[in-house]
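Each residue takes its place number in the sequence, starting with 1. Both ligands and their constituent atoms are indexed starting at 1 by order of listing.
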Amino acid sequence: MIVKFIFLILAIWLGLRIYQTLQAKKQKKISSAQSQNMVRCETCKIHIPVNEAIKSGDKFFCSKDHLPKED
Ligand SMILES: [Zn+2]
């Protein structure tokens with residue numbers, strides 16, 4: 001009977017380990033998706049992926065046309 005009990009504990013422990021590993025993978029996926037965040041163009045206020053945005057200082061713009069004029 002004790003063997004059955006130990007086996008049950010092991011099964012639960014293994015299940016929890018697999019569950020935690022899967023949750024950790026999910027968390028990584030979410031955080032990597034968040035790192036490719038959407039940013040807002042300061043000029044026209046549309047949202048664009050940060051990797052497609054043009055950064056100027058601490059602000060983002062959707063295109064060169066919307067960059068503030070430097071002159
Ligand atoms: Zn814009």
Side-chain polar contacts of residues 40-50 - donor-acceptor pairs under 3.5 angstrom, sequence neighbours left out - could you list them?
residue: T43; atom: OG1; partner: H66; partner atom: O; Å: 2.6
residue: K45; atom: NZ; partner: E42; partner atom: O; Å: 3.1

Using a 3.5 Å cut-off and no angle test, enumerate the donor-acceptor pairs between side-chain atoms of residues 2-20 and protein atoms at least two apart in sequence or in another chain.
none

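Residue-and-atom listing of protein N/O/S atoms under 2.8 Å from the Zn ion (ligand 1), sorted by chain and number: C41 SG, C44 SG, C62 SG, H66 ND1.
The backbone N or O of G57 sits less than 3.5 Å from a side-chain atom of K55, completing a donor-acceptor pair.
In this structure, F61 shares a hydrophobic cluster with I54, L67, the cluster being traced through Ile, Leu, Val, Met, Phe, Trp and Tyr side chains under 4.5 angstrom apart.
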